[in-house]
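Read through the structure below, which is laid out as structure tokens, and then see the notes.
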Amino acid sequence: MLALIAGALILTLAIPFAPWRTGRLDLEPLAPMPLLEAPRPAQRLWIDTDAACGHGPRTDPDDCLAILALVQAAGKRIVGVSTVSGNAPLEVTDRTARELVGQLGAIPVHSGPEALRSALDAGRLTIVALGPLTNIALALQERPELAAKVERLVAVMGRRPGHLFHPAEGAPGAMLLGHGPLFSDFNFEQDPDAAARVLATGVPFALIPYDAARHVELTAADLDRLSARGGAAAWVAERSRAWLQFWQEDIGRAGFYPFDLLAAAYVLFPGRFECARVAAGVGKDPRFRIPWRDYALLVTQRVDELDIPTRPAIYCPKLRPGETLAGILLP
């Protein structure tokens, strides 16, 4: 019987069914915002991060790549950095962020949300949330009036109904006959309650989802170019090698999707992205195929698609045609 079940599973995985291979349903395209509606680049920035590059062979280095890009392009506009648990425990993310930022300049790094409240007291901020929204939720819970000081919250999370995060997407070198591993909406799932609470405050949200990074791969050649620059760039590159190896061997791709780096790119050059005005809400996904992962931060342009409370947000799932990340990380 077990042999029959195993055989049936293998045959199922071999079926060339597009949604099962790619993880995405055939949904109606979102109506994009006009380019003229893209916000201006942020003038006063705060980075909240769960950076842990190099902590383990399957620890995503994307926070470190995003911090590197933001500081080298907009260091004078960064008011501070706060650390949060997520990719690793807080003591690891705090140590990692301090070590990286210390190589890049005199930007203060803080553990937790207290410094963020002080920075909001001093003026309006664009907050770049590269990890779970724990710190932001705590800061606004204790001082709800500070929500008015958040110019924009750029968060790496959110998805459309029914979407599985499936990076192999049928790649021939991936495990499980090209299916590879399933990813989660990691930053959301690390603290879904925080995401719901921050969304309920009404702060302006820009969501930079998994989809935004799907057509951007960092390869060994890219890491070699970073290493050649020395300093902090080389430090980040070497702490990205094991993650690249995981993507090559288990996912079957030549490079990895640099998720948080896309948030940095949006902050620096928002006009490069194709974004849509959406309704965003936290609740159960009626179209999701994995019951224990059906609680999500969902976006839609159809008010009848979700039976959950929603708030307006901007959702940026891809670069505009012809746009690239040129100049974001590497000169």
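Just so you know, residue 1 is the first one in the sequence shown, and it goes up from there. Values reported hereafter were calculated over all heavy atoms of this structure, with side chains retained and with hydrogens, waters and symmetry mates removed.
- A69 and L261 make their closest contact through CB-CD1, 3.8 Å (heavy atoms, listed as atom of the first residue, atom of the second, distance).
- The shortest side-chain heavy-atom distance between T96 and C53 falls under the 4.5 Å cut-off.
- Panel note: side chain R272, backbone A265; no donor-acceptor pair is recorded below 3.5 Å.
- Closest non-hydrogen pair, A74 versus L268, comes out as CB-CD2, 3.8 Å.
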* For R160 and D285, what are the C-alpha separation, side-chain angles and deciding distance, and is it a salt bridge (charged side-chain N to carboxylate O under 4.0 Å, His left out)? -> CA-CA 9 Å; R160 299 191 69 189; D285 182 348; over 6 Å; no
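- Side chain to side chain, W235 and E99 meet the donor-acceptor criterion of an N or O pair below 3.5 Å.
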* To do: May I have the step-by-step check of side chain to side chain contact (heavy atoms under 4.5 Å, CB included) for L262 and L325, ending in yes or no?
  => CA-CA 8 Å; L262 274 290; L325 292 192; 4.0 Å; yes
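- D63 contributes a side-chain N or O that, together with a main-chain N or O of D50, makes up a donor-acceptor pair within less than 3.5 Å.
- The closest donor-acceptor contact from the side chain of K149 to the backbone of D121 lies under 3.5 Å.
- Here the side chains of P167 and F256 are not in contact, with every heavy-atom distance at 4.5 Å or above.
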* Test log, rule side chain to side chain contact (heavy atoms under 4.5 Å, CB included), inputs F188 and V282 -> CA-CA 10 Å; F188 169 79; V282 173; 3.9 Å; yes
* To do: Report the C-alpha separation of T134 and S85 in whole Å, then their side-chain angles, then the decisive distance to 0.1 Å, and conclude whether the side chain to side chain contact (heavy atoms under 4.5 Å, CB included) test is met.
  => CA-CA 9 Å; T134 309; S85 64; 5.8 Å; no
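- Figure legend: R159 and F288 shown as a cation-pi pair, the cationic atom lying under 6.0 angstrom from the six-membered ring centre and within 45 degrees of its axis.
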* **side chain to side chain contact (heavy atoms under 4.5 Å, CB included) assessment of F165 paired with D185** => CA-CA 8 Å; F165 293 176; D185 193 357; 3.6 Å; yes
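- When ring centroids are compared, W243 and F259 stay outside the 6.0 Å threshold.
- Linking Ile, Leu, Val, Met, Phe, Trp and Tyr residues whenever their side-chain heavy atoms come within less than 4.5 Å places Y315 and M157 in a single cluster.
- There is a path of hydrophobic side-chain contacts, each under 4.5 Å, that joins V236 to V267.
- With values rounded to the nearest 0.5 angstrom, I136 atom CD1 is found 6.0 Å from S82 atom OG.
- Inter-residue side-chain proximity for D211 and H163 is flagged as met; some heavy-atom pair is nearer than 4.5 Å.
- Nearest heavy atoms, L90 versus S111: CD2-OG, 3.3 Å.
- Q72 contributes a side-chain N or O that, together with a main-chain N or O of L329, makes up a donor-acceptor pair within less than 3.5 Å.
- A salt bridge is defined here as a Lys NZ or Arg NE, NH1 or NH2 lying under 4.0 Å from an Asp or Glu carboxylate O, and R98 with D94 meets this definition.
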* Given salt bridge (charged side-chain N to carboxylate O under 4.0 Å, His left out), test D304 with R302 step by step and report yes or no. => CA-CA 5 Å; D304 62 339; R302 286 178 42 199; 3.3 Å; yes
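- Put simply, CG on L223 and CD on E238 are 8.0 Å apart, with the number rounded to the nearest 0.5 Å.
- By the 6.0 Å contact criterion, CG on D307 is open, its count of non-hydrogen atoms from other residues, nucleotides or ligands being 12 or less.
- Rounded to the nearest 0.5 angstrom, L218 CG and S240 OG are separated by 8.0 Å.
- With hydrogens and angles ignored, the 3.5 Å screen pairs a side-chain donor or acceptor of Q301 with a backbone N or O of A31.
- In this structure, L226 and L330 have side chains that are in contact, with non-hydrogen atoms separated by less than 4.5 Å.
- The minimum heavy-atom distance linking P192 with E189 is given by the pair CD-O, 3.4 Å.
- In this structure, R293 contributes its side chain and L164 its backbone to no donor-acceptor pair below 3.5 Å.
- Each of L130, I67, V128 was checked for a side chain to side chain contact (heavy atoms under 4.5 Å, CB included) with D260, and the lone residue meeting it is L130.
- Using a 4.5 Å heavy-atom threshold, the side chains of E142 and P113 count as separate.
- Here the straight-line distance linking atom CZ of R287 with atom CG of L306 works out to 10.5 Å at 0.5 Å rounding.
- If you take CD1 on I47 and OG1 on T83, they are separated by 12.0 Å, rounding to the nearest 0.5 Å.
- R58 places no side-chain N or O within 3.5 Å of a backbone atom of F246 that could act as its donor or acceptor partner.
- Between I78 atom CD1 and I107 atom CD1 the span is 4.5 Å, to the nearest 0.5 Å.
- The main-chain N or O of A148 is found under 3.5 Å from a side-chain atom of R124 such that the two form a donor-acceptor pair.
- Distance alone, capped at 3.5 Å, places no donor-acceptor pair between the E217 side chain and the H215 backbone.
- Here the side chains of R239 and C64 are not in contact, with every heavy-atom distance at 4.5 Å or above.
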* To do: Report the C-alpha separation of T59 and N87 in whole Å, then their side-chain angles, then the decisive distance to 0.1 Å, and conclude whether the side chain to side chain donor-acceptor pair (under 3.5 Å) test is met.
  => CA-CA 7 Å; T59 303; N87 275 319; over 6 Å; no
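- Residues E274 and P32 have side chains in contact (heavy-atom distance under 4.5 Å, counting atoms from C-beta outward).
- Heavy-atom neighbours of E28 CD from other residues, nucleotides or ligands within 6.0 Å: at or below the threshold of 12.
- Between the side chain of R44 and the main chain of G123, a donor-acceptor pair closer than 3.5 Å is present.
- Heavy-atom neighbours of E114 CD from other residues, nucleotides or ligands within 6.0 Å: at or below the threshold of 12.
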